[in-house]
Amino acid sequence: MDVLVVVPTYNERENLPTLVSSVLERDGYRLLVVDDGSPDGTGEVADGLAARWPGRLRVLHRTGPRGLGRSYVDAFCQAVQEPADVVCQMDADLSHDPAHLPALVAAARDHDLVLGSRYLHGISVVNWPLHRIALSTGANAYIRAVTKLPARDCTSGFRCWRRDALERMPLREIMSDGYSFQIEMLWQAVRLGFRVTEVPIVFFERREGHSKLSGRVLSEALWMPWRLRFGGRKRT
Ligand SMILES: Nc1nc2c(ncn2[C@@H]2O[C@H](COP(=O)(O)OP(=O)(O)OP(=O)(O)O)[C@@H](O)[C@H]2O)c(=O)[nH]1
Ligand SMILES: [Mg+2]
């Protein structure tokens, strides 16, 4: 399988080199880094890595308003044009271990979307304080209750799409720009009748850099499930 891994970055200069070598040590894997003009110079670090891995790593430098959702939409629109069988997505902060990629890719042989799930067999997160675990598991219970989505981990950003399925997603219609992007993409995938499954992952708290989780991002994730359920269409 040809695998393209999309990684959004904002201020991840300490983490990106480790992530890149660990993904690209696998044959058949390529990376698309989408940087949002990180003030810490992650974009230049990414360009340096691209020069070291010719043909294996490409960098998309975004300008204008930043956002996780916008970054993914831009990157996925490019990714579906590439000669890849599957398109994976993962964070740059080393919370997502590239060692799980082969299991996600294998499950995509007979599924359109594979979710790397922290909550499949109990709770598999390492070094998260109790309040983060409570926030994340509580958010997932809430999202499932409102949307009836059939997944244990609706907010995971560690995923694998079959490229032909991702191509059918209404990417430019996605409303969410932050954290709830993951919820909305899963919602649309289920609505399109995609075959969705979860595989277990272990999630590690970031050791370098800072979380971009903000009050605005959290409030979007709180109301987005209702908006999806009642069918709002306007982009934020
Ligand atoms: N391009 C881009 N990437 C972003 C943006 N915000 C966050 N990211 C990246 O998205 C990934 C997830 O962001 P995090 O800040 O780790 O958010 P999180 O994983 O939900 O929160 P933590 O668990 O606290 O780390 C990381 O690779 C970030 O660098 C953004 O506005 N633009
Ligand atoms: Mg993170």
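Both backbone and side-chain heavy atoms feed into the values below; hydrogens, waters and symmetry mates do not.
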- Task: Count the heavy atoms of every other residue, nucleotide or ligand shown that sit under 6.0 Å from NE2 of His210, and state whether that count exceeds 12.
- Result: no
- Item | Side chains of Ile123 and Thr137 in contact at under 4.5 Å (non-hydrogen atoms) | yes
- Short N-O contact, Arg206 and Asp93, less than 4.0 angstrom: yes
- Query: What is the minimum heavy-atom distance between Leu222 and Tyr142, and which atoms define it?
  - Reply: O-OH, 2.6 Å
- Task: Return yes if some donor-acceptor pair links the side-chain N/O of Arg62 with the main-chain N/O of Gly37 below 3.5 Å, else return no.
- Result: no
- Item | His100 side chain near Cys160 side chain, heavy-atom distance below 4.5 Å | no
- Message: Between Ser219 (side chain only) and Arg216 (backbone N and O only), is there a donor and an acceptor less than 3.5 Å apart?
- Response: yes
- Interatomic distance, CG@Asp35 vs NE2@His61, rounded to 0.5 Å, equals 7.0 Å
- Task: Is it possible for you to say whether Ile201 and Ile133 belong to one hydrophobic cluster, with membership spreading through side-chain heavy-atom contacts below 4.5 Å?
- Result: no
- Test log, rule side-chain contact (heavy atoms from CB on, under 4.5 Å), inputs Ser38 and Glu12: CA-CA 8 Å; Ser38 300; Glu12 303 287 2; over 6 Å; no
- Message: Treating Glu198 as the side-chain partner and Arg152 as the backbone partner, does any N or O pair qualify as donor plus acceptor under 3.5 Å?
- Response: yes
- Heavy-atom pair of closest approach, residues Ile143 and Pro225: CG1-CG, 4.1 Å
- Message: Tell me if the CZ atom of Arg26 is crowded by more than 12 foreign heavy atoms within 6.0 Å.
- Response: yes
- Item | Heavy-atom neighbours of Arg109 CZ exceed 12 at 6.0 Å | no
- Answer yes or no: is there a side-chain heavy-atom contact under 4.5 Å between Leu94 and Phe204? no
- Are Leu68 and Leu228 co-members of a hydrophobic cluster defined by side-chain heavy atoms under 4.5 Å apart? yes
- Hydrophobic cluster membership, Val20 vs Val34, 4.5 Å side-chain cutoff: no
- Glu184 (side chain) donor-acceptor with Met175 (main chain) under 3.5 angstrom: yes
- List the atom of Ala108, the atom of Met1, and the distance in Å for their closest heavy-atom pair. C-CE, 4.4 Å
- Message: Looking at Ser95 and Glu205, would you say the former's side chain and the latter's main chain have a donor-acceptor pair under 3.5 Å?
- Response: no
- Query: When rounded to the nearest 0.5 angstrom, what is the spacing between CD in Gln81 and CG in Leu4?
  - Reply: 12.0 Å
- Can you check side-chain contact (heavy atoms from CB on, under 4.5 Å) on Val202 and Asp97, steps first, answer last? CA-CA 8 Å; Val202 179; Asp97 184 347; over 6 Å; no
- Message: Which label fits Trp161 and Phe76: parallel for a plane angle under 30°, tilted from 30 to 60°, or perpendicular past 60°?
- Response: perpendicular
- Message: Nearest 0.5 Å, please: how far is CD in Gln78 from CG in Leu60?
- Response: 5.0 Å
- Message: Could you walk me through whether Asp153 and Arg118 satisfy the salt bridge (Lys or Arg N to Asp or Glu O under 4.0 Å) test, starting with their C-alpha distance in whole Å, then the side-chain angles of each, then the deciding distance to 0.1 Å, before giving a yes or no?
- Response: CA-CA 6 Å; Asp153 195 346; Arg118 295 162 287 188; 2.7 Å; yes
- Query: Could you give the distance from OG (Ser21) to CH2 (Trp53), rounded to the nearest 0.5 Å?
  - Reply: 6.5 Å
- Quick check: does any side chain N or O of Ser180 sit under 3.5 Å from a backbone N or O of Ile183, one acting as donor and the other as acceptor? no
- Worked verdict on Val23 versus Met90 for side-chain contact (heavy atoms from CB on, under 4.5 Å): CA-CA 11 Å; Val23 170; Met90 66 193 295; 4.2 Å; yes
- Task: Determine, using the 4.5 Å side-chain heavy-atom cutoff (strictly less than), whether Val45 and Leu57 are members of one ILVMFWY cluster.
- Result: yes
- Task: For Phe158 and Gln89, run side-chain contact (heavy atoms from CB on, under 4.5 Å): C-alpha distance rounded to whole Å, both residues' side-chain angles, the deciding distance at 0.1 Å, then the answer.
- Result: CA-CA 6 Å; Phe158 199 4; Gln89 57 173 101; over 6 Å; no
- Item | Arg172 bridged to Asp74 by N-O distance under 4.0 Å | yes
- Message: Assigning hydrophobic clusters by single linkage (Ile, Leu, Val, Met, Phe, Trp, Tyr; side-chain heavy-atom cutoff under 4.5 Å), is Val59 placed with Val6?
- Response: no
- Are Val196 and Leu115 close enough that some pair of their side-chain heavy atoms sits under 4.5 Å apart? yes
- Message: Within the 3.5 Å criterion, strictly below it, is a donor on Tyr119 or Ser156 matched to an acceptor on the partner's side chain?
- Response: no
- Separation of Leu171 CG from Gln188 CD (nearest 0.5 Å): 9.5 Å
- Task: Check whether more than 12 heavy atoms from other residues, nucleotides or ligands sit under 6.0 Å from atom CZ of Arg52, and answer yes or no.
- Result: no
- From Arg229 CZ over to Lys148 NZ, what is the distance, rounded to the nearest 0.5 angstrom? 5.5 Å
- Query: Which heavy atom of Thr147 sits nearest a heavy atom of Trp187, and at what distance?
  - Reply: O-CZ3, 3.7 Å
- Heavy atoms of Leu166 and Met185 approach each other most closely as CD1-CE, 4.1 Å
- Query: Distance-only, no hydrogens or angles: does the Tyr72 side chain make a donor-acceptor pair with backbone N or O of Pro8 under 3.5 Å?
  - Reply: no
- Note on the structure: Here the pair of heavy atoms bringing Ala92 nearest to Asn15 is O-CB, 3.2 Å
- Side chain Asp36, main chain Gly67, donor-acceptor under 3.5 Å: yes
- If you measure from the Lys or Arg side-chain nitrogens to the Asp or Glu carboxylate oxygens, is any gap between Arg163 and Glu82 under 4.0 Å? no
- Message: Among Val87, Asp110, Asp112, Asp85, exactly one meets side chain to side chain contact (heavy atoms under 4.5 Å, CB included) together with Arg162. Which residue is that?
- Response: Asp112
- Task: Give a yes or no answer on whether the side chain of Asn11 reaches the backbone of Asp40 with a donor-acceptor pair at less than 3.5 Å.
- Result: yes
- Side-chain donor or acceptor of Thr42 paired with backbone N/O of Tyr10 under 3.5 Å: no
- Query: Just wondering, do Leu218 and Leu135 contact through their side chains at under 4.5 Å, heavy atoms?
  - Reply: yes
